[in-house]
Amino acid sequence: MSHLNISRPGSYSILVRPVNSRVAAIDHLLIGKTTKAPKVGARAFPSPTPTIASSGGDLHQITTHVPPDTALLRYSVAASLAAHAPFVLAFASPAICLNRTCGPVVDVVEAVRRELHNPGLGFNRFARQWRLPSEPFLFLVGADGKIKAKFEGSASIGELARAVSTYLAHP
């Protein structure tokens with residue numbers, strides 16, 4: 001995992017080649033002045049995201065991940081906020097994602113949930129409410145309803161686990 005600090009908005013190309021490898025990848029980045037997505041410290045939207053109960057148990061209505069991780073589909077954002085329960089919210093649709101990172105992001109969320117027993121999974125329709133320019137997006141929301149951290153794009157298991165431990169760990 002790499003992080004780039006780009007100081008000016010604009011259009012950038014990136015070439016990635018692992019050390020001692022002949023394999024390379026190129027991608028195009030469009031960096032805006034600001035993001036429309038909620039900022040760290042903002043109040044989380046009380047989205048009535050679908051759950052196993054609200055879908056009548058038809059998991060294909062609420063996730064494209066195969067197989068569905070039902071532990072990620074138990075609570076809505078609105079219910080978690082009302083209960084003052086911290087959670088991880090993932091906006092990622094593996095089967096219909098415009099890039100190839102949604103499936104791996106959901107896998108990371110599942111792995112951290114299994115390790116730390118925490119996150120919740122959102123749904124595409126609510127990505128518009130959260131003004132997300134793309135997916136995947138991960139938000140860590142504290143018991144106070146405020147966004148504690150966010151990841152745009154991929155995050156590793158280690159990065160997400162550290163963030164959950166730092167921002168959502170119970171005292």
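Taking the six-membered ring for Trp, Trp130 and Phe139 have ring centres closer than 6.0 Å.
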Let's go through Gln129 and Ser47 carefully: what are the C-alpha distance in whole Å and the side-chain angles of both, what is the deciding distance for side chain to side chain donor-acceptor pair (under 3.5 Å) to 0.1 Å, and is it a yes or a no?
CA-CA 8 Å; Gln129 180 184 28; Ser47 304; 2.4 Å; yes
Go through Leu160 and Leu140 one step at a time and tell me if the side-chain contact (heavy atoms from CB on, under 4.5 Å) criterion holds.
CA-CA 9 Å; Leu160 183 57; Leu140 282 70; 3.9 Å; yes
Given Ile157 and Val108, is the side-chain contact (heavy atoms from CB on, under 4.5 Å) satisfied, shown in steps?
CA-CA 5 Å; Ile157 293 171; Val108 165; 4.0 Å; yes
For Phe45 and Arg131: C-alpha separation, side-chain torsions, deciding distance, then whether side-chain contact (heavy atoms from CB on, under 4.5 Å) applies.
CA-CA 11 Å; Phe45 293 102; Arg131 299 184 308 274; 3.2 Å; yes
Is there a side-chain contact (heavy atoms from CB on, under 4.5 Å) between Thr51 and Ile62? Walk through the geometry before answering.
CA-CA 7 Å; Thr51 63; Ile62 59 176; 5.6 Å; no
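In plain terms, the two heavy atoms of Asp144 and Arg43 that are nearest each other are O-NH1, 2.6 Å. The heavy-atom pair separating Ala90 from Leu138 by the smallest distance is CB-CD2, 3.4 Å. The two atoms that bring Ala92 and Val106 nearest to each other are CB-CG2, 3.7 Å, heavy atoms only. Scanning all heavy atoms of the two residues, the minimum distance from Glu110 to Asp69 falls at OE2-CB, 3.0 Å. Phe87 approaches Leu81 most closely through the heavy-atom pair CE2-CD2, 3.9 Å. When all heavy atoms are compared, the tightest approach of Gly153 to Val105 is O-CG2, 3.8 Å.
At distances below 3.5 Å, not a single donor-acceptor pair connects side-chain atoms of Lys36 with backbone N or O atoms of Leu132. Side-chain atoms of Thr49 come within 3.5 Å of backbone atoms of Val77 as a donor-acceptor pair (strictly under, hydrogens ignored). A donor-acceptor pair under 3.5 Å links the side-chain atoms of Ser80 to the main chain of Ser76, judged by distance alone. Side-chain atoms of Glu159 come within 3.5 Å of backbone atoms of Ser156 as a donor-acceptor pair (strictly under, hydrogens ignored).
Taking 4.5 Å as the limit, some side-chain heavy atom of Ile96 sits within range of a side-chain heavy atom of Ser93. His65 places a side-chain heavy atom less than 4.5 Å from the side chain of Asp107. With contacts defined as side-chain heavy-atom distances shorter than 4.5 Å, the pair Thr35/Lys150 qualifies. A 4.5 Å side-chain heavy-atom check between Pro136 and Cys102 finds at least one atom pair inside the cut-off.
Atom CD1 of Ile31 and atom OG of Ser11 lie 9.0 Å apart (nearest 0.5 Å). Separation of atoms OG1 (Thr64) and CG (Leu59) is listed at 12.0 Å; rounding is to 0.5 Å.
Following chains of ILVMFWY side-chain contacts shorter than 4.5 Å, one can reach Ile6 starting from Ile14, so the two form part of one hydrophobic cluster.
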